[in-house]
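All ligand and atom numbering here is 1-based and tracks the order in the structure. All of these numbers come straight from a predicted model, not from anything done at the bench.
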Amino acid sequence: MTHSTTNTHLLIYPFPGSGHIIPLLDLTHFLLRRGLTITVIISAANLPLLHPLLSSHPSSLHKLLFPDPEIHPSSHPLISKVISTQKLFDPIVTWFKAHPSPPVAIVSDFFLGWTSKLASHLGIRRVVFSPSGALGSSIFHKLWTHVVEINAGNADGDDKLLISFPDIPNSPEFYWWQLSRASRYYKTGDPDFESFRKGMLANMTSWGMIYNTFEELEGVYIDHVKKQMGHDRVWAVGPLLPDEHGLESTGRGGSSAVPLDDMLMWLDKKANDSVVYICFGSRSVLSEKQMGALASALELSKVDFILCVKESGSSLIPSGFEDRVGGRGFIVKGWAPQLVILRHWAVGSFVTHCGWNSTLEGVAAGVMMLAWPMGADQYANAMLLVDQLVVGKRVCEGGPESVPDSFELARLLDESLSGDRLERVKVKELSEVAVKAVKERTSMRDLNMFVNLLSELKDHDQTNA
Ligand code: UDP
């Protein structure tokens, strides 16, 4: 039975950070289009990211604006940020109690595990939004469940120790140095670390879980999560991306540091699949040595390229580089319109740090993936892309500080654009599957199921009121 979405009110709470906010706002957009009423919890600094949606859905989208929480000093930056958000517990309860038709559920980022307690205090369901894939998040879950034993098993901090995850499909293994920093530096007894861990574990006992992934990409891992959670309310609704021709893709996550027309004019002159796009996400900045090696590789290679360097790292570009590469290179210092670039027919491969959003965006655009993972879930994402899906190759391995060999990197860049490589054929096939998943198949089915269930909850709650 289909229930009406009218007056189905949902609270959405993204974790403050580009890689977390961007996909959850994309999901918000899809849910608004299905007729839900949504309130998004947002801080002043991130409000501009919500503006486009607020103006396109003035009556159904509302903001719950809070000042940026003061950063709580802790021994780990991520944990400090997470703990700081907990100060919003009471203000959210006050808002909820005063609301004439409060939300039936809260969808909150997987770092905001404390919202499970908030949801039960309010008598509503909590749905986790995972900005990581099902493989990456399954590894996080195992890590946080067994963090004390895992760390005790490596008291000497041997970087080369292999840590296995035999319960996860395909039994992934990672070196110690590839595990998330927050778990490696876990401090037993430290209230902030304990609180963060409790939040990560609460994710798996939540009422539901939404993944920005799709069944055809991560089916075995999605089934694994369903088994772990003990129910089927796990929805894979990705890739969550704005429409190909919609305006949303241009200013997504920030305004472009370069005039879009200049960049498109440059790209339009290039041949099909002839440009390498290089970007390491919203946070990672290369060291001077890494930037030097990358710049030499680009000079040694014959490829045309777009290189995106964060403003803070732009002084590391070797002097004279831009003149030497001339018209072969287009350099973006600051925020790049990544989705527009990846979707352009001239772009054939993508040097990426393998953040989950970049991973999905590259796959959906059908570009060959050149993996340079640096931390967090990126080693797992590289494993999925290179070893399991065979849609890419590794171009740098060995840890966040590792510096690639320029000659080898130049060779891999050239090779990535040569002919119909297996990886390119496979990624183009996967891209078609991704588009179908969202437009008509599995991801569309899961999103519809989620919306219908929420509306059912609303009808149920109204009947019992
Ligand atoms: N992004 C962008 N322009 C940039 C850098 C990043 O549009 O210059 C977007 C990118 O498209 C992706 C997100 O920011 O949607 C980065 O998320 P990802 O998970 O790839 O990496 P993170 O930044 O979280 O490490």
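- Polar contact check, G281 against ligand 1: no nitrogen or oxygen pair lies under 3.5 Å apart.
- Both the backbone and the side chain of W335 come within 4.0 Å of ligand 1, counting heavy atoms alone.
- Proximity of S18 to ligand 1 is not established, as no heavy-atom distance is less than 4.0 Å.
- Close N/O approach between S282 and ligand 1 is found [any backbone or side-chain N/O within under 3.5 Å].
- For S402 against E397, the heavy-atom pair with the smallest separation is OG-O, 2.6 Å.
- Only side-chain heavy atoms of E361 come within less than 4.0 Å of ligand 1; its backbone N, CA, C and O stay farther off.
- Side-chain polar atoms of S287 and E401 form no donor-acceptor pair below 3.5 angstrom.
- The shortest contact between atom 13 (C) of ligand 1 and any protein heavy atom is with I22 CD1, 3.8 Å.
- By the 4.0 Å heavy-atom criterion, H20 is excluded from the residues contacting ligand 1.
- Of all heavy-atom pairs between S255 and W335, the closest is O-CB, 3.6 Å.
- Pairing each heavy atom of F321 with each of I317, the nearest pair is CD2-CG2, 3.7 Å.
- Protein heavy atom nearest atom 20 (O) of ligand 1, with residue, atom name and distance: S358 OG, 2.5 Å.
- Contacts between N357 and ligand 1 below 4.0 angstrom, taking non-hydrogen atoms only, involve backbone and side chain alike.
- Between K439 and D243 there is no salt bridge, since no side-chain N of the basic residue sits under 4.0 Å from a carboxylate O of the acidic one.
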